[in-house]
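Reading through the structure tokens given below for one structure.
Heavy atoms only: backbone and side chains are in, while hydrogens, waters and symmetry mates are out. Not measured: the values here are computed from a predicted model. Letters A, B, ... mirror the listed sequences (proteins, then strands); counts begin at 1.
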Amino acid sequence: MRRSRAFIPTSKEAPSDATLASHIYLARAGFISQVAAGLYNYMPLAKRVIRKIENVINEEMSKVGAQEVELSFVTPADLWAESGRIEKFGKELLRFKDRKENLFVLGPTHEEMMVDLVRNRVTSYKNLPLNLYQMKTKFRDEARPRFGLMRGREFIMKDGYSFHASVEDLDREFESMEQAYKTILTRLGLEYRVVEADSGAIGGSGSKELMVIADSGEDTIAICSSCEYGANIEAAKRSFNPNPPKAPEAEFNKFLTPDVKSIEDLAEFLKIDAYYTIKCVAKRVVYEEESEIVLFFLRGCDNLQEVKAINATDALEIVDVSEEELKEIGIIPGFIGPLDQDKAKHVIDCELKNAPNMVCGANEKDYHYVGVDMKVLEDVAYFAEIAEVNEGDTCPHCEGTLSFTKGIEVGHIFKLGTTYSEALKAEYLDENGKAQPFVMGTYGMGVSRLVASVIEQHHDEQGCIWTKETAPYMVNIMISNIKNEAQVALGESLYAQLQEKNVEVMLDDRKERFGFKMKDAELIGFPYTIIIGKELENGAVQIYERKTQEKQAVNVDTIFEAIMELV
RNA sequence: CGGGGUGUAGCUCAGUAUGGUUAGAGUACCUGGUUUGGGACCAGGGGGCCGAAGGUUCGAGUCCUUUCACCCCGACCA
């Protein structure tokens, strides 16, 4: 492409609202332009990057036997009613009626559509397994889209779905897809981590997220210092503390603790470690039809993990509750304890099961119990994992310690089991001629989010630094002075030669000054720029590598071979 | 969905407290000239329903009411 003809509106100024590097540079370098909240136009450069990422995905998918399809973007609302997700998704589903008053939704994901496509067409175990996927625009009417391509309402996702006759076969496919996804991210030049994730409302027996490591990531992940373990903080586990602080020794006793309400005060007042205190987090737990106050008890040194709390209570959501609401039902904030607690339902963190030497509220103003042995509640209370892991906690799989880092969720793979096939009555006949629901897996990867992720990981103050597999053009040929005939002649000849070799090449033939064109090339982020300039008189040109910002002199006679070596 | 903020030239923003010539700057764009190794300079030029609708006033970018959009924090997010 000739730069003079290219539609690449670069700008010195970033959009006023852009905060992320990927948003700023993709906008400034003329890749994307915003249309409305969470909606972006992809301009030629972005389109090329997207296509390159899609090609990598396609190649890896075809290696593992997945087949590409494309389902319609507009989906009948009936299907969503059939699976029950029309309520679950709520306002995120963009709904509308056609001229015949039929209700449709723009597809936010395609489980229902894919099951509908396969049911009654694949009817025998002999035709399983089957793995179908598509690259498709998705639409989710998010409450708060943000961060450019990172969290748009409209975005491109690769979504794949597999169908199996057994859980074992699903496990095999899941493993194969995890490997394929890892290969894809490695090829794209991304540093990532595969982590265990919360399966959430979609259910299923397992899910893993592929996280691109970046400070700007919206997810917190816990990773082990010595083994491969990594997990989203929503799902992260830990081992019991192998070296707990020294336990306070006391006979079971009600103890006067005037005005001591917080865990810090309590630990200070009794001169004990917060590890031996029991904290209560009161929340309102919301179900489909009703809501109620639930008391969550955990160690004073821990915090409630809301996703775990939701899973433990089967709730739709959990919201804060005021002290007044607690007093109304006879609960005394600051002195809430699990013993003889009959005012509200409660959930106790599983680590407190059988824990001795604890201190907790006595459900009476200004009193705490000391010397509590939680064993007394062993058979009567509901224990569940509700505590959030802390940095420094012990890995659940080895002796290592956990630390936190931020990640961008670019992939999520699920073992769905039969959730959707049962809901949508999608069945096949097994060896005995008996109808069985498909065992399913689903595998998502955010294509447009990957575009942003590459830049989050690969940029500097000058702009984008594309990796080889993602670059919109591999080589930029810069003619420093367009009035110099020798420079133009060499530029044109190299341009033709590289095109001949199918190298993706840009020829900067604009009538601009050297500095302007360099800044532009750096902002866009071509991996290599061939600078044809003053040194041409002495038979030399330069190769500028974007990543290192180094210029290397090359003899004119060998420049073609030199650049072919690099690309 | 709660809290906050912003809408003026393609883009980034002044101007709005206290209403008053023809609404400004930088940048981008067009013309001409100079310049040609780090977003260069000089001269000239085009570009605006001041988010929208009502209202107050002799007069509204500026005051009042309504509304829409976008952004930020949080909640939410297979």
Side-chain angles (χ1 to χ4, degrees), chain A residues 9-20 23-24 27-28 30 33-39 80 83-85 88-93 107-112 114 138 140-148 150-153 155 157 159 161 197-204 207 209 218-219 232 234 283-284 286 306-307 310 316-320 409 411-416 419-420 440-446 449 462-463 478-484 487 510-523 529 531-537 540-542 544 549 551 553:
Chain A
T10 57
S11 158
K12 259 196 257 192
E13 215 109 34
S16 56
D17 46 53
T19 52
L20 280 198
H23 189 185
I24 291 170
R28 278 193 54 202
S33 80
Q34 184 171 3
V35 180
L39 305 181
W80 295 87
S83 70
R85 286 212 292 183
K88 199 169 284 174
F89 261 103
K91 287 187 173 172
E92 260 187 53
L93 286 183
T109 173
H110 279 185
E111 279 81 9
E112 286 83 353
M114 199 65 86
K138 300 282 184 276
R140 296 181 188 176
D141 200 358
E142 294 228 27
R144 185 144 106 84
R146 61 190 116 167
F147 301 143
M150 207 58 91
R151 182 183 281 283
R153 287 192 293 171
F155 57 97
M157 178 162 85
D159 50 321
Y161 308 84
D198 172 56
S199 294
I202 197 172
S207 96
E209 290 168 335
E218 292 189 81
D219 291 282
N232 192 307
E234 296 173 351
K283 292 279 180 184
R284 179 167 291 280
V286 181
E306 286 207 8
V307 172
I310 286 174
L316 285 180
E317 62 168 335
I318 284 186
V319 296
D320 288 341
E409 183 193 338
H412 199 163
I413 55 179
F414 278 88
K415 291 180 186 173
L416 282 180
T419 316
Y420 288 87
M440 291 180 60
T442 178
Y443 318 94
M445 187 168 253
R449 183 176 278 185
Q462 332 302 328
M478 193 187 98
I479 301 171
S480 299
N481 184 350
I482 202 73
K483 287 186 180 167
N484 180 308
Q487 289 184 18
R510 291 174 300 174
K511 183 177 173 295
E512 296 287 352
R513 293 163 64 91
F514 178 84
F516 182 91
K517 291 201 248 195
M518 276 304 287
K519 291 283 187 200
D520 207 58
E522 284 166 336
L523 179 60
T529 292
I531 301 171
I532 303 174
K534 289 204 292 208
E535 290 303 303
L536 183 58
E537 293 173 20
V541 295
Q542 287 169 310
Y544 169 83
Q549 301 202 59
K551 293 171 190 161

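- In this structure A:His412 satisfies the ring pair (Phe, Tyr, Trp, His ring centres under 6.0 Å) test together with A:Phe414, sequence neighbours excluded.
- Taking CD from A:Glu111 and OG1 from A:Thr442, the interatomic distance works out to 4.5 Å, rounded to the nearest 0.5 Å.
- Comparing the same atom, C1', in B:rC58 and in B:rG19 gives a spacing of 12 Å after rounding to whole Å.
- Protein atom CZ of A:Arg146 is 6 Å distant from nucleotide atom P of B:rC73, rounded to whole Å.
- Rounded to whole Å, the P atom of B:rG7 lies 24 Å from the corresponding atom of B:rA28.
- A:Ala143 comes within 4.0 angstrom of a nucleotide base, judged by non-hydrogen atoms across all strands.
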Atom pairs under 3.5 Å, N or O on each side, protein against nucleotides 42-46 of chain B: can you list them with distances?
none

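- In this structure, A:Arg284 contributes its side chain and A:Asp320 its backbone to no donor-acceptor pair below 3.5 Å.
- Using a 4.5 Å heavy-atom threshold, the side chains of A:Phe155 and A:Arg449 count as separate.
- The glycosidic torsion of B:rA14 lies more than 90° away from 0, placing the base in the anti range.
- Across the protein-nucleic acid pair, A:Asp141 atom CG and B:rA69 atom P stand 11 Å apart, rounded to whole Å.
- Distance CD (A:Glu142) to C1' (B:rG74): 15 Å, rounded to an integer number of Å.
- Judged by distance alone, with hydrogens and angles left aside, the side-chain atoms of A:Thr10 form no donor-acceptor pair with the main-chain N or O of A:Arg28 at under 3.5 Å.
- For A:Arg144 and B:rC73, the shortest distance from a side-chain N or O to OP1 or OP2 is below 4.0 Å.
- A:Pro9 comes within 4.0 angstrom of no nucleic acid atom, judged by non-hydrogen atoms across all strands.
- Scanning for salt bridge (Lys or Arg N to Asp or Glu O under 4.0 Å) contacts around A:Asp141 gives A:Arg153, with sequence neighbours left out.
- Taken from CZ in A:Arg85 to OG1 in A:Thr109, the straight-line distance is 5.5 Å, to the nearest 0.5 Å.
- At a threshold of 4.0 angstrom between heavy atoms, the contacts of A:Gln34 are confined to the sugar-phosphate backbone, with no base atom among them.
- Only the C1' atoms considered, B:rA23 is 9 Å distant from B:rG48, to the nearest whole Å.
- Rounded to whole Å, the P atom of B:rU18 lies 24 Å from the corresponding atom of B:rU22.
- On the P atoms, B:rG59 is 48 Å away from B:rA40, given to the nearest whole Å.
- Residue A:Met478 is classed as having no contact, given no heavy-atom separation below 4.0 Å to the nucleic acid.
- As rounded to whole Å, 14 Å separates atom P of B:rC29 from atom CD of A:Glu13.
- A:Met157 has its side chain out of reach of A:Met445: every pair of non-hydrogen atoms, C-beta onward, lies at least 4.5 Å apart.
- Distance A:Asp17 CG to B:rC13 C1': 14 Å, rounded to the nearest Å.
- Here, B:rC70 and B:rU34 have their C1' atoms 44 Å apart, quoted to the whole Å.
- Counting only distance, with no hydrogens or angles, the side chain of A:Glu142 and the backbone of A:Arg144 share no donor-acceptor pair below 3.5 Å.
- Considering only side-chain atoms of A:Glu92, the nucleotide from B:rC73, B:rC77, B:rC76 that sits closest is B:rC77.
- To the nearest whole angstrom, the two P atoms, one in B:rU16 and one in B:rG51, are 15 Å apart.
- Taken to the nearest 0.5 Å, the CD1 atom of A:Ile482 stands 10.0 Å off from the NZ atom of A:Lys511.
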Nucleotides 30-39 of chain B: which of its N/O atoms have a protein N/O under 3.5 Å away?
| unit_1 | atom_1 | unit_2 | atom_2 | d |
| --- | --- | --- | --- | --- |
| B:rU35 | O2 | A:Arg513 | NH1 | 2.7 |
| B:rU36 | O2' | A:Asn481 | ND2 | 3.1 |
| B:rU36 | O4 | A:Lys483 | NZ | 2.9 |
| B:rG37 | N7 | A:Lys534 | N | 3.4 |
| B:rG37 | O6 | A:Lys534 | N | 3.3 |
| B:rG37 | N1 | A:Gln542 | OE1 | 2.7 |
| B:rG37 | N2 | A:Gln542 | OE1 | 3.0 |
| B:rG38 | O4' | A:Gly515 | N | 3.4 |
| B:rG38 | O6 | A:Lys551 | NZ | 2.5 |
| B:rG38 | N1 | A:Glu522 | OE2 | 3.1 |
| B:rG38 | N2 | A:Glu522 | OE1 | 2.2 |
| B:rG38 | N2 | A:Glu522 | OE2 | 3.0 |
| B:rG39 | O2' | A:Lys12 | NZ | 2.7 |
| B:rG39 | O6 | A:Arg28 | NH2 | 3.3 |

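- Separating the C1' atom of B:rG61 from that of B:rG15 is a span of 8 Å, rounded to the nearest Å.
- Side chain of A:Tyr544 to backbone of A:Glu522: no donor-acceptor contact under 3.5 angstrom is found.
- Rounded to whole Å, the distance from CE on A:Met150 to C1' on B:rC77 is 15 Å.
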Dot-bracket summary - RNA chain B, pairs being Watson-Crick or G-U whose distances fall under 3.5 Å, with | when paired to another strand: (((((((..((((......[...)))).((((((.....)))))).....(((((..]....))))))))))))....
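- Legend: residues meeting ring pair (Phe, Tyr, Trp, His ring centres under 6.0 Å) with A:Phe89, ordered by chain and number and at least two apart, are A:Trp80.
- One finds the CD1 atom of A:Ile531 at 11.5 Å from the NZ atom of A:Lys517 (value rounded to the nearest 0.5 Å).
- One atom, CZ of A:Phe147, and another, P of B:rC77, lie 17 Å apart when rounded to the nearest Å.
- Distance, A:Arg153 CZ to B:rC76 C1': 15 Å, rounded to whole Å.
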